[in-house]
2 protein chains.
Amino acid sequence: MTDSANRFARAREKQAAALLEDYVELIGDLIAEFGEARVADIAERMGVAQPTATKSIARLKREGLATSRPYRGVFLTDAGAAMADRVRARHRTVVEFLIRIGVPEHVAELDAEGIEHHVSEVTLRRLAGFLRS
Amino acid sequence: MTDSANRFARAREKQAAALLEDYVELIGDLIAEFGEARVADIAERMGVAQPTATKSIARLKREGLATSRPYRGVFLTDAGAAMADRVRARHRTVVEFLIRIGVPEHVAELDAEGIEHHVSEVTLRRLAGFLRS
DNA sequence: CGAAAAGTATAGCACAAGCTATTTATGTAT
DNA sequence: ATACATAAATAGCTTGTGCTATACTTTTCG
């Protein structure tokens, strides 16, 4: 296995986790904002059709991150809520960092959405350290 | 369409382009290094099975980035070569930037592999500016 | 209370990217 | 020159994420 093969394999794994992270964070946001997370709202905010959201939520449930009952809202498990907190904090750090180095806020938000999922713990600490300096 | 829906949609598009970028850059590297890019070498460096590489190369050809003849090597079109140059430069900038803020080189390489595809032109210029300061 | 509207689920399709197993072509060496 | 080894292509499967169309609940309102 070459070094580059390992890099690519790791990037593929991160990518597979990215969608789950986005859904979990969004569900957490909706619950905080409205007290519940409806499938229709999740779909709208994710920018996908409603059945697509339903299918992804099924995957969240399979992975133990969320629960739901038919025709009722979606809820996060403890694991899901912990992931949501972690993801939200990382997202904020990345956005603030980009803004700090001079990226317009609007662009920072766009870029962060893709970048954040590939920022390791080590790099995240460096970004946070930079923000404090 | 909500703002967040747009962010997610854009991130999805970037992701779809990411694999093509990686292949094109790698093919460029192999040609520079060995004078040709063989499917087997591409597969090994990408960390995928050979038929997976063949399939992705078919997509590159469909999108006008590469050419190939059966049982012969893979070559980049002008568009492909231009993309390879652009991607390689961006990759270097992201890695160097991470190293500059204190991320260990090894981690910088790993993280950059995922991050680079989501760095916009605007952000790239900021990163380059930071490196010059 | 019952009908319309809204929300959710299900069915079924497409495509990308991964895999293994197999076939086909090329290149090499006896 | 043929046989063997290597390389590439093809067949066919899986999973994830997207879609539209349709069916089924639930809620709301006259």
Side-chain angles (χ1 to χ4, degrees), chain A residues 1 4-24 26-27 30-31 34-75 113-114 117, chain B residues 1 4-24 26-27 30 34-63 65-75 113-114 117:
Chain A
M1 179 82 108
S4 71
N6 275 319
R7 284 208 320 274
F8 288 123
R10 181 175 167 286
R12 283 195 298 269
E13 279 169 29
K14 294 283 177 189
Q15 197 51 42
L19 196 81
L20 297 185
E21 290 182 346
D22 284 335
Y23 271 92
V24 155
L26 175 52
I27 291 166
L30 288 170
I31 290 174
F34 301 119
E36 63 175 0
R38 312 299 305 260
V39 173
D41 294 335
I42 295 169
E44 187 188 6
R45 293 249 201 143
M46 285 297 300
V48 299
Q50 168 261 308
T52 301
T54 298
K55 202 179 288 192
S56 293
I57 291 163
R59 200 177 145 212
L60 292 185
K61 293 200 277 184
R62 231 186 307 139
E63 311 227 349
L65 296 168
T67 60
S68 81
R69 297 202 329 285
Y71 297 99
R72 288 291 180 282
V74 179
F75 309 92
E113 196 56 63
H117 302 291
Chain B
M1 180 83 107
S4 70
N6 275 320
R7 283 210 319 275
F8 288 123
R10 182 174 167 288
R12 282 195 297 271
E13 278 169 29
K14 293 283 178 189
Q15 196 52 42
L19 196 81
L20 297 185
E21 291 181 344
D22 284 334
Y23 272 92
V24 156
L26 174 53
I27 291 166
L30 287 170
F34 301 119
E36 63 176 359
R38 311 300 303 260
V39 172
D41 295 334
I42 295 168
E44 186 187 6
R45 293 249 200 141
M46 285 297 299
V48 300
Q50 169 260 308
T52 302
T54 298
K55 203 180 285 189
S56 294
I57 291 163
R59 201 177 145 213
L60 292 186
K61 293 198 279 184
R62 231 185 307 139
E63 311 226 350
L65 297 167
T67 60
S68 82
R69 299 204 326 285
Y71 299 95
R72 290 292 182 282
V74 180
F75 308 91
E113 196 57 62
H117 302 290

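Throughout, a chain's letter reflects where its sequence line sits, starting with A, and its residues are numbered from 1. Given the structure is predicted, the values throughout are model-derived calculations rather than measurements.
In summary, the side chains of A/Thr67 and A/Lys61 do not present any donor paired with an acceptor at a separation below 3.5 Å, with no hydrogens or angles considered. Side-chain contact annotation: B/Gln15 with B/His117, donor-acceptor N/O pair under 3.5 Å absent.
A distance-only check finds a donor-acceptor pair linking the side chain of A/Ser4 to the backbone of B/Arg45 [under 3.5 Å].
Checking the phosphate oxygens (OP1, OP2) of C/dT8, no side-chain nitrogen or oxygen of A/Arg72 falls inside 4.0 Å. Between B/Thr54 and D/dA8 there is no side-chain N or O to OP1 or OP2 distance below 4.0 Å. Phosphate proximity of C/dA17 to B/Arg59: present, with a side-chain N or O under 4.0 Å from OP1 or OP2. In this structure, A/Arg62 reaches the D/dG16 phosphate: one of its side-chain N or O atoms is under 4.0 Å from OP1 or OP2. Within the 4.0 Å cut-off from OP1 or OP2 of D/dT17, not a single side-chain nitrogen or oxygen of B/Arg12 is found.
If you check distances only, the side chain of A/Gln50 does reach the base of C/dA9 with a donor-acceptor pair under 3.5 Å. In this model, no side-chain donor or acceptor of A/Lys55 finds a partner on the base of D/dG16 within 3.5 Å.
Atom P of nucleotide D/dT26 and atom CD of A/Glu36 are separated by 15 Å, given to the nearest angstrom. Across the protein-nucleic acid pair, A/Leu30 atom CG and C/dG7 atom P stand 14 Å apart, rounded to whole Å. Computed from coordinates, the B/Ile57 CD1 to D/dA7 C1' distance equals 12 Å when rounded to whole Å. Taking atom OH of B/Tyr71 as the reference point, atom P of D/dA8 lies 9 Å away to the nearest angstrom. The CD-C1' distance, from A/Gln15 to C/dA16, rounds to 13 Å in whole Å. Here C/dG27 presents its C1' atom at 10 Å from CZ of B/Arg38, a figure rounded to the nearest Å. As a whole-Å value, the separation of A/Tyr23 OH from D/dG16 C1' is 11 Å. Atom CD of A/Glu44 is separated from atom P of D/dC19 by 13 Å (rounded to the nearest Å).
Toward the 5′ end of DNA chain D lies the nearest nucleotide of B/Gly73, the other residue of the pair B/Gly73 and A/Pro51 mapping further downstream. Sequence order on DNA chain D of the closest nucleotides to A/Thr52 and A/Pro70 puts A/Thr52 first from the 5' end.
When all heavy atoms of A/Tyr23 and A/Ala53 are compared, the pair lying nearest together is OH-CA, 3.7 Å.
Contact annotation: the side chain of A/Leu60 approaches that of A/Ile27 to within less than 4.5 Å [non-hydrogen atoms, C-beta and beyond].
If you check every strand for non-hydrogen atoms under 4.0 Å, A/Ala40 touches sugar and phosphate atoms only.
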